[in-house]
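Written out below as structure tokens is the structure these notes cover.
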Amino acid sequence: RLVISGDQHLGIVASYNDYKITDCASPAVHNSIFWRINTNQPNKTYFDKFGHKYYLHNVWNVADELMLQEARQTRTATTHIKNLRADGFMTVDFNGSNAQCSMHEFWYGPKLKWKVDIPM
């Protein structure tokens with residue numbers, strides 16, 4: 001099963017294999033309210049704060065240099081700083097046997113950040 005979540009302030013693809021669920025969550029289009037982060041390394045298994053095991057396919061965090069700032073402080077920032085906020089959108093494409101969750105940034109034109117193929 002595939003869960004498609006929107007405007008989560010964190011672009012992330014994670015699978016809860018014990019439940020046979022994969023979640024593709026889109027980042028915020030304008031990530032200027034609060035930071036949501038997952039500092040774990042992709043392609044490894046972890047436990048969430050409720051004790052559920054999950055596999056982290058990929059994650060798009062705010063750049064390290066912004067972590068100590070409040071998100072609202074970047075609302076009138078330069079395009080360079082806004083691009084570091086991990087603003088963007090997600091697309092999901094289906095080809096019959098797979099779903100492809102793709103994260104896109106847009107401050108310097110449409111650009112693929114990363115994509116993950118999920119077997120269906």
Euclidean distance, [Y] [atom2] relative to [X] [atom1], rounded to 0.5 Å:
X: Asn61; Y: Leu84; atom1: CG; atom2: CG; answer: 12.5 Å
X: Ile33; Y: Asp7; atom1: CD1; atom2: CG; answer: 8.0 Å
X: Arg85; Y: Trp35; atom1: CZ; atom2: CH2; answer: 6.0 Å
X: Tyr54; Y: Phe47; atom1: OH; atom2: CZ; answer: 10.5 Å
X: Asn17; Y: Thr22; atom1: CG; atom2: OG1; answer: 6.5 Å
X: Thr74; Y: Asp87; atom1: OG1; atom2: CG; answer: 7.5 Å

Checklist entry - For the side chain of Arg1 and the backbone of Ile21, is there at least one donor-acceptor N/O pair under 3.5 Å apart? => result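 Side chain of Arg1 to backbone of Ile21, a donor-acceptor pair under 3.5 Å: no, none is there.
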
Next on the checklist: If we ignore hydrogens and angles and just use 3.5 Å, is the side chain of Gln69 paired with the main-chain N or O of Leu66 as donor and acceptor?
Outcome noted: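 No.
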
I need the minimum non-hydrogen distance between [X] and [Y], along with the two atoms involved.
X: Arg75; Y: Ser32; result: NE-O, 3.1 Å
X: Asn31; Y: Ala71; result: O-CB, 4.2 Å
X: Val29; Y: Phe106; result: O-CZ, 3.2 Å
X: Cys101; Y: Leu2; result: SG-CD1, 4.5 Å
X: Asn38; Y: Asn40; result: OD1-N, 3.0 Å
X: Met103; Y: Pro27; result: SD-CD, 3.6 Å

Next on the checklist: Tell me every residue that passes side-chain contact (heavy atoms from CB on, under 4.5 Å) with Ser5, counting only those two or more places apart in sequence or in another chain.
Outcome noted: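 For Ser5, the residues satisfying side-chain contact (heavy atoms from CB on, under 4.5 Å) (neighbours in sequence not counted) are Val3, Gln8, Asp23, Ala25.
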
Next on the checklist: Please enumerate all residues that pass side-chain contact (heavy atoms from CB on, under 4.5 Å) together with Thr76, with sequence neighbours excluded.
Outcome noted: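 side-chain contact (heavy atoms from CB on, under 4.5 Å) check on Thr76 returns nothing, list empty.
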
Checklist entry - Does Trp60 share a hydrophobic cluster with Met90, counting links as ILVMFWY side-chain heavy atoms below 4.5 Å and allowing steps through other members? => result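 Looking at the clustering, Met90 is in the same group as Trp60.
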
Checklist entry - Between His57 and Tyr55, does the ring centre distance come in under 6.0 Å? => result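 Ring-ring flag for His57/Tyr55: true, centres closer than 6.0 Å.
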
Checklist entry - Do other residues, nucleotides or ligands put more than 12 heavy atoms under 6.0 Å from Asp64 CG? => result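 No, the 6.0 Å shell around CG holds no more than 12 heavy atoms from other groups.
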
Item to check | Over 12 non-hydrogen atoms of neighbours within 6.0 angstrom of OH in Tyr19 | outcome: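 Atom OH in Tyr19 is not packed in, count stays at 12 or less.
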
Checklist entry - Can you find a heavy atom in the side chain of Tyr108 that is under 4.5 Å from one in the side chain of Lys82? => result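 Answer no - side chains too far apart.
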
Checklist entry - Is it true that the side chains of Asp48 and Tyr16 contain a donor and an acceptor less than 3.5 Å apart? => result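 Looking only at side-chain atoms, Tyr16 and Asp48 do form a donor-acceptor pair, the distance falling under 3.5 Å.
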
Checklist entry - Is there a side-chain contact (heavy atoms from CB on, under 4.5 Å) between Val62 and Arg36 once you walk through the steps? => result CA-CA 8 Å; Val62 171; Arg36 184 173 285 167; over 6 Å; no

N/O donor to acceptor pairs below 3.5 angstrom from side-chain atoms of residues 111-120, sequence neighbours left out:
residue : atom : partner : partner atom : Å
Lys111  : NZ   : Glu105  : OE2          : 3.4
Asp117  : OD1  : Gln100  : NE2          : 2.9

Next on the checklist: Run Leu56 and Tyr46 through side-chain contact (heavy atoms from CB on, under 4.5 Å) and show every step you take.
Outcome noted: CA-CA 7 Å; Leu56 180 62; Tyr46 300 96; 4.2 Å; yes

